[in-house]
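One structure is given below, encoded as structure tokens.
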Amino acid sequence: MKHFLALILCFSLLPAAPRVDPKEEALVAKRRNYWAFQAPVRVEIPSGVHPIDHLEPAKRPLLEKRSLLRRLTLDLTGLPPTSLEGNYEQVLDRLMASPRYGERWGQKWLDVVRYADTNGFELDAERPHAWRYRDYVIRSFNSNKPYNQFLREQLAGDELFPGNSESLIATGFLRAGPRHVVGGNQDEEQNRQEDLIEMTHAISATFMGMTMNCARCHNHKFDPILQADYYRLQAILASTEFREVQIVDGDSMLSADTRQSRHEALLKPFKDQIKEIEKPFREQFRAEKLPTLEPQFRDALKVDKEKRTEDQKRFAKEAERQLSPTWDEVVALITPDLKAKRAALRQKMHVIDLDEPDPAEHAYSVFTVDKAQPTHVLKVGDPRMKQQAVEAGLPLVLAKDLGDLSLDPHGRRAALANWLVNPSHPLMARVMVNRIWQFRMGKGIVTTMNDFGTLGARPSNLKLLDWLATEFVQSGWDIKHIDRLILTSKAYQQQALQRRRVDADTIRDSILAVSGMLNLKMYGKPVKTPIEPEIYDIIFTEGEPDNLWPLPKDRSEMYRRTVYVLNRRTIRLPLLMNFDQPDTMSSCPERPTSVHALQGLTMLNSDFMQEQAKAFAARAKGSVDQFYQLALGRVPSTLEREQAKQFFLKGGTAEDFALAMFNRNDFIYLP
């Protein structure tokens, strides 16, 4: 016994097996000195000098006041200015305090995280509770929530702040991307792997500016990111599952159920009438279809349910499926008069559905399970080709010990979030200040915002990037502080070398603002706006296509800001699509700017533009001065007055003049 205890003691004194494989460390070590993996170095700024102007001096003259304030207003709010009163600093303070500021920043952030109101892919089903994440983002930017808190809530709000509804909603970040949800037989292991892939890519690109997705099938070919790093990060997320979590009390849930029951009671008489109309035709379909079934299916139906063998149960189930007609097979049999009656009943149901009560409030969020499935490195990323198991860990290039992560599944995401917001992290602050710079200046200091690796662009001014990153941390991760520094610099206020077109959302919102039809209501469920018949026809459905795009009962809802319009991954408004709105299937750190014929055709001929031109013309009351003042914030020049006079003398209408104003370069381009 003594010898046995001594043996145990000897083994306990032996050094533990290293958690880091020396071969892995050797692969990473030689590339760890790349600039992005080194801590930012803060340069000294002479007193009394604007730090950005010291590090990035303006190269061109400054814009004149009116043009500068127009640029500032469009940049900060996504809307044209309604007033140019006050000096630059006063206008800047007013705009940064405006609720429009958060809406504008919200749109930018939602592009990066691939937010949409639907799943994507074939079914592209709507997500009834996802919009609360969108509202959370807008509120966070408006309240100037510290960025480190913003990140921690989105990655691990459920773990770090249990019981806090806002933090729970914030974890919708992990579910913001597309998800392949289909019916029929499922490969659950593949589905789970797809969820993990989406979360892994979102975290690495959004917060670290790393292309970890390139290490899914093999070690990264260019960056010091190992395939094991990729799956160690997945292991952190392995205990994370998706769930809609109730965020109201039991009484509120009961009240919502009661409202829904009353709504269903209103629909029931119409459903019953439709059922009676369809009944004989469903029976007719069954009678005609039965003889065509294969013999084993027909024979299985003849046997009593209680006496069927396992094979007969399976055959009977398949027979019933074949004997149950789809809606279109039923409608094809119905006589014309009954078909018209049925359609009228469905229309009445659709009218009632306009007042369908909202479901009880839930967070579109995640939760941590008590036991996570083991994580393996997957050969070529295939979940059926498992290789060695890996534990939860951080990227070796940034954490030499892979991080001190608990074996307990609970708290792993919290540990990841806390590691990311550590002031010594070399990427976190750099990536975000680079996004802020790009949002205001048009191009990032690193122009590949989601890729700070060796295939990404090098910083055009590393000293500036590092100073902003260190200032960001020292300011308490204050986004508005960095934003204000950029906007008060001469680098921002100088004349543009190449004018930038505003994005699709700003074009639509500006048109609505100028026409006087913009509804500034904030937050809430996404709204549908009218779509062209050609767009309606491509909406995929397995049901009847007679109410796929119901417009709101209150028509003013259709004219809300674009950030509140239903963002469906497979169906986009032509105006927004033609002006480069992202498809939300992948992260969009910077919207592209294209120029093509469809843009002009949409801006002149679409139903939306015709409607808005009429409203704008009515608002301007035929006054050329009003047209210019409302659209461009200035009076027309002498030449422009003469051109307008000749236009009307030749028979031009106010509506056509309004369309022309919407299509001017100085309406859709920043000064």
Side-chain angles (χ1 to χ4, degrees), residues 110-111 113-131 133-134 172-202 213 216 241-244 317-318 320-322 324-332 346 350 353 356 359 362 364-366 378 380-384 504 525-551 565-578 580-588:
L110 297 176
D111 281 359
V113 304
R114 305 163 301 152
Y115 171 85
D117 299 300
T118 62
N119 289 327
F121 301 102
E122 304 97 294
L123 296 182
D124 201 21
E126 292 186 26
R127 298 171 168 176
H129 302 286
W131 56 268
Y133 172 74
R134 175 250 287 153
F173 160 80
L174 294 166
R175 304 180 62 182
R179 193 175 189 219
H180 202 179
V181 179
V182 295
N185 295 328
Q186 299 289 306
D187 184 339
E188 295 298 341
E189 192 172 22
Q190 180 64 43
N191 290 346
R192 179 59 180 159
Q193 183 59 27
E194 288 181 7
D195 289 341
L196 290 169
I197 289 169
E198 289 296 331
M199 289 190 284
T200 305
H201 292 187
N213 53 308
R216 179 183 161 201
E241 294 194 0
F242 299 164
R243 177 181 289 177
E244 278 69 55
K317 183 178 179 181
E318 174 59 22
E320 290 296 345
R321 187 191 67 79
Q322 294 186 34
S324 300
T326 58
W327 69 269
D328 53 326
E329 290 172 327
V330 174
V331 171
R346 285 185 61 83
H350 299 331
D353 277 334
E356 183 176 6
H362 285 70
Y364 185 75
S365 58
V366 301
L378 304 179
V380 297
D382 189 336
R384 290 173 293 274
K525 294 190 303 182
V527 296
K528 292 185 174 76
T529 61
I531 57 174
E532 287 76 359
E534 297 83 2
I535 304 298
Y536 188 97
D537 290 342
I538 65 173
I539 299 176
F540 177 83
T541 179
E542 293 178 334
E544 291 190 56
D546 59 343
N547 195 41
L548 299 180
W549 201 261
L551 297 176
V565 171
L566 181 79
N567 192 352
R568 186 162 184 166
R569 296 185 202 269
T570 58
I571 301 294
R572 290 184 289 154
L573 301 180
L575 174 67
L576 302 179
M577 181 175 64
N578 290 338
D580 308 305
Q581 183 193 42
D583 64 7
T584 68
M585 295 300 285
S586 57
S587 174
C588 179

dist L576:CG -> T529:OG1 (nearest 0.5 Å) comes out at 8.0 Å
Taking only Lys NZ, Arg NE, NH1 and NH2, and the carboxylate oxygens of Asp or Glu, determine whether E318 and R321 approach each other closer than 4.0 Å. yes
Is there a donor-acceptor pair under 3.5 Å between the side chain of W131 and the backbone N or O of K525? no
What's the separation between atom CD in Q581 and atom CG in D111, rounded to the nearest 0.5 Å? 8.0 Å
Within the structure provided, determine whether N567 and R134 are in side-chain contact (heavy-atom separation under 4.5 Å). no
For the residue pair P550 and L548, what are the closest heavy atoms and their distance? CD-C, 3.5 Å
Which heavy-atom pair separates F121 from P178 by the least distance, and what is that distance? CE1-CB, 3.9 Å
For the side chain of Q186 and the backbone of V182, is there at least one donor-acceptor N/O pair under 3.5 Å apart? yes
Here the gap from K528 atom NZ to E126 atom CD, rounded to the nearest 0.5 Å, amounts to 4.0 Å
If we only count heavy atoms from C-beta on, is the P530 to L551 side-chain gap below 4.5 Å? yes
Please state whether the rings of Y133 and Y115 are parallel, tilted or perpendicular, taking 30° and 60° as the class boundaries. tilted
Under the criterion side chain to side chain contact (heavy atoms under 4.5 Å, CB included), which of L573, I531, I539 is the partner of R568? I539
H129 and P359, any side-chain heavy atoms less than 4.5 Å apart: yes
Is N547 reaching over with its side chain to a backbone N or O of H350, donor-acceptor style, under 3.5 angstrom? no
Roughly how far, to the nearest 0.5 Å, is the CZ atom of R572 from the CG atom of N578? 9.0 Å
Non-hydrogen atoms of V113 and A176 that approach each other most closely: O-CB, 3.5 Å
Grab the two heavy atoms, one from V565 and one from P526, that are nearest each other, plus how far apart they are. C-CB, 4.3 Å
Rounded to the nearest 0.5 angstrom, the CD-CD1 distance for Q190 and I197 is 7.0 Å
Side chain to side chain, L378 and Q193, heavy atoms closer than 4.5 Å: yes
Mind jotting down which residue pairs meet the salt bridge (Lys or Arg N to Asp or Glu O under 4.0 Å) criterion with at least one end in residues 174-190? Sequence neighbours excluded, please. R175-E244, R179-D195, D187-R384, E189-K386
Within-4.5 Å side-chain heavy-atom neighbours: I538 and I571: yes
Using modelled atom types only, decide if a donor and an acceptor are shared between the side chain of S365 and the backbone of R243 within a distance under 3.5 Å. yes
OG1 on T541 to CH2 on W327, rounded to 0.5 Å: 8.0 Å
Quick one: do D117 and R127 satisfy side chain to side chain contact (heavy atoms under 4.5 Å, CB included)? Show the steps, please. CA-CA 6 Å; D117 299 300; R127 298 171 168 176; 5.8 Å; no
Is there a donor in the side chain of R569 and an acceptor in the side chain of N119, or the other way round, less than 3.5 Å apart? no
